[in-house]
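Everything numeric in this text was worked out from a predicted model, so none of it was measured.
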Amino acid sequence: MKSIIVYYSRTGQTAQVARSWAHRIGSSRLEVIPMAWRGSFREVLHYIIATLTRKDMEIDLYKVDFEKYDRIVLMVPVICGMMSAPMRTFIRQEAGNLHNVEYVIIHKGVMIRHKSLIDWLDRTLGENHIAASSIWAGWGKHYKPARIDGESILKQKHIR
């Protein structure tokens with residue numbers, strides 16, 4: 001099965017997990033990057049405001065033919081209970097091109113499934129997901145699965 005992991009990482013932790021999982025399952029990766037991102041205080045503040053107000057952010061251009069992949073894994077970081085703005089922007093822009101999708105929701109704090117987020121993703125993409133996983137990132141610890149539904153890549157024994 002040919003798959004691609006699409007992710008956004010503000011701090012680098014999600015990127016590290018995406019690289020590791022992509023290597024283990026032999027998939028491609030695509031990082032969603034905000035335009036002109038240098039990590040300055042002003043840009044971080046813009047990111048937080050866009051995330052909390054559910055507004056889009058301008059993201060870097062990329063050219064990927066998603067039709068050639070059997071599975072698209074969206075690693076969705078949740079900040080303060082909201083999907084990160086760059087990932088939301090990517091999903092809205094590519095809604096018609098993303099099929100056979102798995103969601104990996106990454107969050108800190110309370111271990112919950114984020115059902116409303118999963119429902120929003122399904123409605124926005126226009127189809128139901130193959131699998132949905134909730135990954136809890138403990139403060140300063142490695143990512144570990146908190147809940148796995150469907151046929152997730154996380155169920156493979158070499159990922160857990």
> Do Phe90 and Leu30 come within less than 4.5 Å of each other through their side chains, counting heavy atoms only?
Replying inline: yes
> Counting N and O atoms only, with roles assigned by atom type, does the side chain of Thr51 sit under 3.5 Å from a partner on the main chain of Ser84, one being a donor and the other an acceptor?
Replying inline: no
>> Taking the side chain as everything from C-beta on, heavy atoms only, tell me whether Leu121 gets closer than 4.5 Å to His129.
In response: no
> Quick one: do Asp119 and Arg123 make a salt bridge, cutoff under 4.0 Å?
Replying inline: no
>> For Met75 versus Val17, what's the shortest heavy-atom pair and its separation?
In response: CE-CG1, 3.7 Å
> Going by the angle between their ring planes, with limits at 30° and 60°, are Tyr62 and Phe66 parallel, tilted or perpendicular?
Replying inline: perpendicular
> Could you state the interatomic distance from CD (Gln16) to OG1 (Thr11), rounded to the nearest 0.5 Å?
Replying inline: 9.5 Å
> Would you say Thr89's side chain and Ala85's backbone share a donor-acceptor pair under 3.5 angstrom?
Replying inline: yes
> Is it true that atom CD of Glu58 has more than 12 heavy atoms of other residues, nucleotides or ligands lying nearer than 6.0 Å?
Replying inline: no
> Which value, rounded to the nearest 0.5 Å, describes the distance between Ile4 atom CD1 and Arg29 atom CZ?
Replying inline: 10.0 Å
> Is Ile105 linked to Ile130 within one hydrophobic cluster, defined over Ile, Leu, Val, Met, Phe, Trp and Tyr using a side-chain heavy-atom separation of less than 4.5 Å?
Replying inline: no
> Is a donor on one side and an acceptor on the other found under 3.5 Å between the side chain of Asp70 and the backbone of Ser3?
Replying inline: no
> If you look at every heavy atom in Pro34 and Pro86, which pair is closest and at what distance?
Replying inline: CG-CG, 3.7 Å
> Atom CG in Leu74, atom CD1 in Ile106: separation rounded to 0.5 Å?
Replying inline: 11.0 Å
>> For a 4.5 angstrom cut-off between non-hydrogen side-chain atoms, does Ile91 reach Val6?
In response: no
> Going through the distances and angles, do Tyr7 and Glu31 end up as a side chain to side chain contact (heavy atoms under 4.5 Å, CB included)?
Replying inline: CA-CA 5 Å; Tyr7 65 96; Glu31 182 173 8; 3.5 Å; yes
> Atom CD1 in Ile59, atom CZ in Arg88: separation rounded to 0.5 Å?
Replying inline: 12.0 Å
> Does the side chain of Asp122 come within less than 4.5 Å of Tyr103's, by heavy atoms?
Replying inline: yes
> Should Trp21 and Val73 count as side-chain neighbours, where that means a heavy-atom distance under 4.5 Å?
Replying inline: no
> Atom OG in Ser134, atom CG in Leu117: separation rounded to 0.5 Å?
Replying inline: 9.5 Å
> Do other residues, nucleotides or ligands put more than 12 heavy atoms under 6.0 Å from Arg54 CZ?
Replying inline: no
> Does a side-chain heavy-atom distance below 4.5 Å link Tyr8 with Met83?
Replying inline: no
> When hydrophobic residues are tied together by side-chain contacts of less than 4.5 Å, even through go-betweens, does Ile49 share a cluster with Met87?
Replying inline: no
> For the atom pair NE2 (His99) and CD (Glu94), what is the distance rounded to the nearest 0.5 Å?
Replying inline: 10.0 Å
> How far apart are the closest heavy atoms of Asp56 and Arg92, and which atoms are they?
Replying inline: OD1-NH1, 2.7 Å
